[in-house]
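Heads up: the structure comes next, in structure tokens.
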Amino acid sequence: MIEIQSGPEAIRRAVSLLRAGELVAFPTETVYGLGADAGNPGAVAGIFAAKGRPQDHPLIVHVADPGAVGVWTADVPPLAERLMAEFWPGPLTLILRRSARVGDGVSGGQDTVGLRCPAHPLARALLAAARDAGIAGLAAPSANRFGRISPTSAADVAAELGTRVALILDGGRCEVGIESTIVDVTGDVPRLLRPGMIDADRLAAAAGRALAAGGADAPRVSGSLPAHYAPSTALDLVPDAELVDRAMTRLGRGESLAVFASAASVAILMSRKEGMEEPCYGVAAPASAAEYAHELYATLRQLDALRVSRLIIAEPPDGPEWTAVRDRLARAAHGAGH
Ligand code: TXA
Ligand code: MG
């Protein structure tokens, strides 16, 4: 039986499961994570089995406080100190040189480790209780099956993983809604490996220098595969200005649709398609990047569940605050429909 719980008793239960090498899903401010004792290779192997994830994709180790990074890395460069001081606890993952304590399962065989100190109060309570029980960090990828949409609620985790997870801690809807920003701070120049809601401008301001983009020689990041975060329904990503015409053409061919676009485009489409038989659902997209990110995965799941023949999503605006959302949408469109 799958358990979904919250509160202090649930934290105690979670820690005892983690100590026994079991998996516990927990909320973070970004998305839900599938956690295991990062120091227990058998438990870490269980994560890969539950997700159906390739073995060579490294995991992020979540820590209770910045002081705990010393267990997992022997080398915290000044640049990392600055970013930790500015953004932790929060949605930023730092790639650092790994210590001997990091198992090969966690690092995917690389000489680095991803570390993150999440801000969600339930994650913090869990990590602190785990630390007090001798668990120095939780290895946790997003709590979805490999390649699918990250979960932003306890119900999403249950839908993704079912009985593959012993316990799901319920911390409500995730505030940020998309995965953390990942920055590699092992070299002279900080490199942005995965965009997130802490954007490049804010990172550069805190780092005191511009960031390089993660190039072809960057360490493997499964979230950087072109097909990722994908719904099972086919998905077209189109300019908002073209959306109504494209949708009308498809409806005219007898396709059923679900549309996520500006409130104006959704309203125009709904009035133009009146009288047509094909189902066409419309959801108005939030106008701010933060709200959009918060809604994105929940909306993709909701639209995917409608079982229409196609999703049509309007490209969000340009601008640095939209980079992470545009990144996730492009990957979702690439992997959709399989
Ligand atoms: O917001 C998040 O980061 C969420 C929550 C649960 O913390 N976690 C998450 O984990 O998104 P996951 O495994 O779904 O994505 C982590 C990404 C993967 O693409 C992985 O390849 C990359 O981080 N990663 C982890 N360790 C790395 C390392 N040492 N070098 C390069 N990339 C690394
Ligand atoms: Mg993931």
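Heavy-atom basis, side chains included; hydrogens, waters and symmetry copies ignored. Whatever order the structure lists ligands and atoms in, that order sets their numbers, starting from 1. This is a predicted model, so every value here is computed, not measured.
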Let me see the working for Ser180 and Thr93 under side chain to side chain donor-acceptor pair (under 3.5 Å), right down to the final yes or no. CA-CA 6 Å; Ser180 61; Thr93 297; 2.8 Å; yes
Steps toward side-chain contact (heavy atoms from CB on, under 4.5 Å) verdict (Leu126, Val15): CA-CA 7 Å; Leu126 174 67; Val15 171; 4.2 Å; yes
Ile178 and Met197: CA distance, side-chain angles, deciding distance, side-chain contact (heavy atoms from CB on, under 4.5 Å) verdict: CA-CA 8 Å; Ile178 61 172; Met197 293 312 282; 3.9 Å; yes
Stepwise salt bridge (charged side-chain N to carboxylate O under 4.0 Å, His left out) test for Asp236 and Arg250: CA-CA 11 Å; Asp236 288 349; Arg250 292 208 177 267; 3.2 Å; yes
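Other residues, nucleotides and ligands contribute at most 12 non-hydrogen atoms within 6.0 Å of the CD atom of Glu175.
Counting atoms of ligand 1 from 1 in the listed order, those under 4.0 Å from a heavy atom of Ser180 are 1 (O), 2 (C), 3 (O). Within ligand 1, the atoms closer than 4.0 Å to a non-hydrogen atom of Gly114 are 26 (N), 29 (N), numbered from 1 in the order shown. Of all atoms in ligand 1, numbered sequentially from 1 with element shown, those under 4.0 Å from a heavy atom of Thr112 are 28 (C), 29 (N), 30 (N). Each of the following atoms of ligand 1 lies closer than 4.0 Å to a heavy atom of Gly33: 6 (C). The atoms of ligand 1 that sit less than 4.0 Å from any heavy atom of Val113 are 29 (N). The distance from ligand 1 to the heavy atoms of Thr30 drops below 4.0 Å at these ligand atoms: 1 (O), 2 (C), 4 (C), 5 (C).
The closest donor-acceptor contact from the side chain of Trp322 to the backbone of Arg326 lies at 3.5 Å or more, if one exists at all.
His57 has its ring centre less than 6.0 Å from the ring centre of Phe146. With ring centers used as reference points, Tyr292 lies under 6.0 Å from Phe260.
Residue contacts with ligand 1, taken as heavy atom pairs separated by less than 4.0 Å, involve Ile182 solely via side-chain atoms from C-beta onward. The part of Arg53 lying near ligand 1 is the side chain, judged by heavy-atom distances below 4.0 Å. Contacts with ligand 1 closer than 4.0 Å are made by side-chain heavy atoms of His62 only, the backbone lying farther away. With a 4.0 Å heavy-atom cut-off, ligand 1 is reached by the backbone of Glu179 and by its side chain too.
Among Pro58, Pro118, Ala140, the residue whose heavy atom sits closest to atom 33 (C) of ligand 1 is Pro58.
In terms of N/O distances under 3.5 Å, ligand 1 is not approached by Thr28. Considering backbone and side-chain atoms together, Lys51 places no N or O closer than 3.5 Å to any N or O of ligand 1.
Residue contacts with ligand 1 do not include His57, since none of its heavy atoms lies under 4.0 Å from the ligand.
With no hydrogens or angles considered, a side-chain donor-acceptor pair links Arg116 and Thr30 at under 3.5 Å.
A salt bridge links Asp104 to Arg98: one of the charged nitrogens lies within less than 4.0 Å of a carboxylate oxygen.
Taking backbone and side chain together, Asn144 holds no N, O or S atom under 2.8 Å from the Mg ion (ligand 2).
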